[in-house]
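Note that these values count all heavy atoms, side chains included, but never hydrogens, waters or copies made by symmetry. Note on naming: letters A, B, ... go to the chains in the order of the sequence lines (proteins, then strands), and numbering restarts at 1 for each one.
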Amino acid sequence: MTTYRAIRGMVDILPEETPLWQSMETAALEVLSSYGYSEMRLPIIESTDLFARSIGEVTDIVEKEMYTFADRNDDSMTLRPEGTAGCVRAVVQHNLAVTPQRLWYMGPMFRYERPQKGRQRQFHQLGVEAFGVATPDQDAELIAICRQLWRRLGVDDALQLEINNIGSADDRARYRDALVAYLSQHRNQLDADSQRRLESNPLRILDSKSPDTQAVLDGAPGLQDYLDDTTQSEFQVLLGYLDALGVRYVLNPRLVRGLDYYNKTVFEWTTEHLGAQSTVCGGGRYDSLVETFGGKATPAAGFAVGLERLTLLMQALDITVSTPADLYVITADENAYQHSLPRLDALRRQFPDIDIVQHLGGGSFKSQFKRADKSGAAWALVYGEAEVAAGQVTLKPLRAEAEQQTIPDAELEAFLAGYLATAQSA
RNA sequence: GUGGCUGUAGCUCACCAGGUAGAGCACCGGAUUGUGGCUCCGGAGGUAGCGGGUUCGAGACCCGUCAGCCACCCCA
């Protein structure tokens, strides 16, 4: 008999973890709604060309990490490695860029990389994209949203904002020439990857982890010196907004990011709790992407949150979310079970917020109580032979040291209403 | 894609000059024929990731493969 495993890098999210995911998703929905952002639901597959053009032909993602295949019509398709390209495509296609647009989406992304902690081949991102606003108040709003989300989830203290200004495409082209000119003189002091990038993607050499390369970079020209005055002053305005918000940040002049479409502001939220995969959220401005895709020139900015990494961080901080039942229903025999059915049906309709789990499969009271205990339920609701005969039920507290009580069945509604009230105030 | 480490019961791990496996926790049952959590007793569960090789004999050694982890790389 063959046994199957999930294929490499594809991870099952099991019931034990889903409460954490749900709490994260709920927090995201509420925070984004509170800032006036609307949800988009986008295809997972787009034409290969869309990603190559937006992310950049010589980026790692496009060169070696995409899940690309020919469909039955022999067109080249790709499982999305990130969300911005598809979102911008949809915005252009449906003419959504005409007014200020605040959007978000959540879902799986695919990159063919070697898996390790915090890095999977299928992973999930929350993407937030805003169109039509060129001024730094937009950048500030996006960062404020991040921080609000971190606070909601209890990870605020564990994340650090790194931010940089990488200027316009023209600025970077001029800087690139100067950087290449400088680094070429020290070519043999660079690590192998960086030597290769000298031709392909020189800016990425900036955040090389090689100490030798970093030593060479200490004497390199700085990108900041190649940015025009407007860009520089806009960035200062943004930093002022962050100060006003009380968002602490670290200026990182070597933060460049690996996707070609970014310009001006780029930022990352990083943590020390996740080892090498330390970036939980990354984003920035991409003012020319809409035009690249054939839309009217529209400034834009956004960010993406790695949801697996966020859950990993929450787990590292011992943030737990569990959803035990409120009531576990125990019945003595077939007659009691049948007696309980219409009652539970009515209670569930009247109290949709109360979780009522019924014991299935029979068994002794003892084994049913064991199950009740393990379920984590707050109360056991017992329909025994005597209770059914007398029109009563027994309620036994499973989490508190208190006596069980037997009450008329008809008083259950009142009991549950009281239970709800105390649960909500607690 | 590169390098290193690991792979024994559901989980965490052990044993062993190479002689076909054991503990704790979890699970099931009983002590308690209407009551969980504590305790005690009992039980079930593994062809030692998979395939091949060396050997009289391998979970232990070798090779391959798959998977996980760590680092590089990269990013979420």
Side-chain angles (χ1 to χ4, degrees), chain A residues 2-11 14 16 55 59-65 80-84 106-128 146 191-194 196-197 201 204-205 207-210 255-259 262 266 268-271 274-283 302-313 328 330-333 336 359 363-389 394-401 403-404 406:
Chain A
T2 351
T3 60
Y4 291 99
R5 300 181 49 93
I7 60 182
R8 182 130 131 123
M10 309 289 168
V11 176
L14 303 177
E16 196 182 5
I55 297 168
T59 57
D60 281 14
I61 292 176
V62 171
E63 279 183 334
K64 52 194 188 195
E65 295 176 3
R80 63 182 185 192
E82 59 103 42
T84 302
M106 197 159 12
M109 306 292 164
F110 302 84
R111 291 183 201 171
Y112 192 91
E113 293 187 89
R114 184 129 169 198
Q116 67 184 68
K117 199 178 208 73
R119 186 212 263 172
Q120 300 164 190
R121 290 182 174 180
Q122 176 176 341
F123 60 102
H124 297 81
Q125 284 187 344
L126 164 67
V128 179
C146 292
D191 60 278
D193 281 327
S194 294
R196 195 161 36 76
R197 289 211 189 87
N201 201 346
R204 292 224 47 86
I205 298 174
D207 56 12
S208 165
K209 284 178 190 166
S210 158
L255 178 65
V256 273
R257 304 193 49 72
L259 288 72
Y262 286 115
V266 295
E268 287 185 5
W269 292 87
T270 60
T271 178
L274 298 185
Q277 309 308 317
S278 59
T279 303
V280 169
C281 171
F303 64 84
V305 179
L307 299 182
E308 277 81 4
R309 289 183 185 176
L310 194 50
T311 58
L312 247 25
L313 177 58
Y328 192 96
I330 289 170
T331 49
D333 51 26
H359 180 87
S364 64
F365 263 57
K366 179 188 174 62
S367 63
Q368 292 194 52
F369 269 99
K370 273 192 170 180
R371 292 278 183 202
D373 183 50
K374 278 175 204 133
S375 79
W379 291 83
L381 173 59
V382 184
Y383 282 93
E385 219 174 323
E387 285 88 339
V388 170
T394 293
L395 283 155
K396 176 165 183 173
L398 297 174
R399 306 294 137 207
E401 289 303 325
E403 289 300 306
Q404 67 182 44
T406 298

Find the distance A:R196:CZ to B:rC72:C1' and express it as a whole number of Å. 12 Å
State the pairing partner of B:rA21; accept Watson-Crick or G-U wobble contacts with both distances under 3.5 Å, and report none otherwise. none
Between A:F369 and A:K396, is there a cation-pi geometry (under 6.0 Å to ring centre, at most 45° from the normal)? yes
In Å, rounded to the nearest 0.5 Å, how long is the span from CZ of A:R309 to OG1 of A:T271? 11.5 Å
In terms of side-chain heavy atoms of A:A386, which of B:rA76, B:rG68, B:rG34 is nearest? B:rG34
Separation of B:rC28 C1' from A:R371 CZ (nearest whole Å): 9 Å
Output the rounded distance in Å from CD (A:Q368) to P (B:rG37). 15 Å
Ignoring hydrogens and geometry beyond distance, is the side chain of A:Q404 in donor-acceptor contact with the base of B:rG36 at under 3.5 Å? no
Verify side-chain contact (heavy atoms from CB on, under 4.5 Å) between A:M106 and A:H124, making sure each step is shown before the conclusion. CA-CA 7 Å; A:M106 197 159 12; A:H124 297 81; 6.0 Å; no
Say we look at B:rC63 and B:rA17: how far apart would their P atoms be, to the nearest angstrom? 23 Å
Base, sugar-phosphate, or nothing for A:L259, non-hydrogen atoms under 4.0 angstrom? sugar-phosphate
Interatomic distance at C1', B:rA26 relative to B:rA71, whole Å: 35 Å
Measure from CG on A:L381 to C1' on B:rG34 and round the result to the nearest Å. 15 Å
Provide the closest heavy-atom pair for A:Q125 versus A:A304 in the form atom of the first, atom of the second, distance. OE1-CB, 3.6 Å
With sugar-phosphate meaning primed atoms plus P, OP1 and OP2, does A:E308 contact a base, only sugar-phosphate, or nothing at under 4.0 Å between heavy atoms? nothing
Report the base-pairing partner of B:rC38 (Watson-Crick or G-U wobble, both distances below 3.5 angstrom), or none. none
Which is true for A:R257 with a 4.0 Å heavy-atom rule: it touches a base, it touches only sugar-phosphate, or it touches nothing? sugar-phosphate
Should B:rU54 form a Watson-Crick or G-U wobble pair with both distances under 3.5 Å, which nucleotide is its partner? none
Length of the CZ-C1' vector between A:F369 and B:rG36, whole Å: 7 Å
Of all the nucleotides listed (B:rA76, B:rU35, B:rC73), which has the minimum atom distance to the side chain of A:Q116? B:rC73
Quick check with a 6.0 Å cut-off and a 45 degree axis cone: is A:R111 positioned over the face of A:F123's six-membered ring? no
Would you mind telling me which of B:rG36, B:rA67, B:rG34 lies closest to the side-chain atoms of A:F365? B:rG34
Measure distances between side-chain N and O atoms of A:K366 and base N and O atoms of B:rU35, and say whether any donor-acceptor pair falls under 3.5 Å. no
Has A:R371 got more than 12 heavy atoms of other residues, nucleotides or ligands less than 6.0 Å from its CZ? no
Students often get this wrong, so: under 4.0 angstrom with heavy atoms, is A:R8 touching a base, only sugar-phosphate, or nothing? sugar-phosphate
Examine B:rC73: is either OP1 or OP2 under 4.0 Å from a nitrogen or oxygen in the side chain of A:R119? Give yes or no. no
Starting at atom CZ of A:R114, determine the distance to atom C1' of B:rA71, rounded to an integer number of angstrom. 10 Å
Can you check the distance between B:rC38 and B:rG57, where both ends of the measurement are the C1' atom (answer in whole Å)? 48 Å
Are OP1 or OP2 of B:rA26 and a side-chain N or O of A:K374 less than 4.0 angstrom apart? no
Map A:Q277 and A:Y112 onto RNA chain B by nearest heavy atom, then report which one ends up closer to the 5' terminus. A:Y112
Can you find a donor-acceptor N/O pair under 3.5 angstrom joining the side chain of A:E401 to the base of B:rG37? yes
Should B:rU32 form a Watson-Crick or G-U wobble pair with both distances under 3.5 Å, which nucleotide is its partner? none
When rounded to whole Å, the CD to C1' distance for the pair A:E113 and B:rC69 reads 16 Å
G-U wobble or Watson-Crick pairing nucleotide for B:rC73 (cut-off 3.5 Å, both distances): none
Presence of salt bridge, A:K370 and A:D373, under 4.0 angstrom: no
With a 3.5 Å limit on both atom pairs, tell me what B:rG68 is paired to, counting Watson-Crick and G-U wobble, or say none. B:rC5
Hey, which of these two, A:K117 or A:W269, hits RNA chain B nearer its 5' end, going by closest nucleotide? A:K117
May I ask you to check whether over 12 heavy atoms, not counting those of A:I7, lie within 6.0 Å of atom CD1? no
Separation of B:rC28 atom P from A:D373 atom CG, nearest Å, is 12 Å
If you look at every strand shown and take non-hydrogen atoms under 4.0 Å, does A:G9 touch a base, only sugar-phosphate, or nothing? sugar-phosphate
Need one value for A:A276: base, sugar-phosphate or nothing, where a base atom within 4.0 Å counts as base even if backbone is also close, heavy atoms only. base
Nearest to side-chain heavy atoms of A:K396, which nucleotide of B:rU35, B:rA67, B:rC72: B:rU35
Which nucleotide, if any, forms a Watson-Crick or G-U wobble pair with B:rG59, using both distances under 3.5 Å? none
Using a heavy-atom cut-off of 4.0 Å across all strands, would you classify A:E387 as base, sugar-phosphate, or nothing? base
Rounding to an integer number of angstrom, what distance separates B:rC25 and B:rG19 when you compare their C1' atoms? 31 Å
In whole Å, what separates the P atom of B:rC11 from that of B:rG68? 15 Å
Once you apply the 3.5 Å cut-off to both distances, tell me the Watson-Crick or G-U wobble partner of B:rG43, or none. B:rC27
For a quick check of understanding: with a heavy-atom distance under 4.0 Å over all strands, which category does A:E16 fall into, base, sugar-phosphate or nothing? nothing
Taking atom P in both B:rA58 and B:rG49, what distance in whole Å separates the two? 15 Å
OP1 or OP2 of B:rA67 sitting under 4.0 Å from any side-chain N/O of A:R5? no
Should A:T331 and A:H359 count as side-chain neighbours, where that means a heavy-atom distance under 4.5 Å? no
Taking the same atom, P, in B:rU8 and in B:rG59, what whole-Å distance lies between them? 15 Å
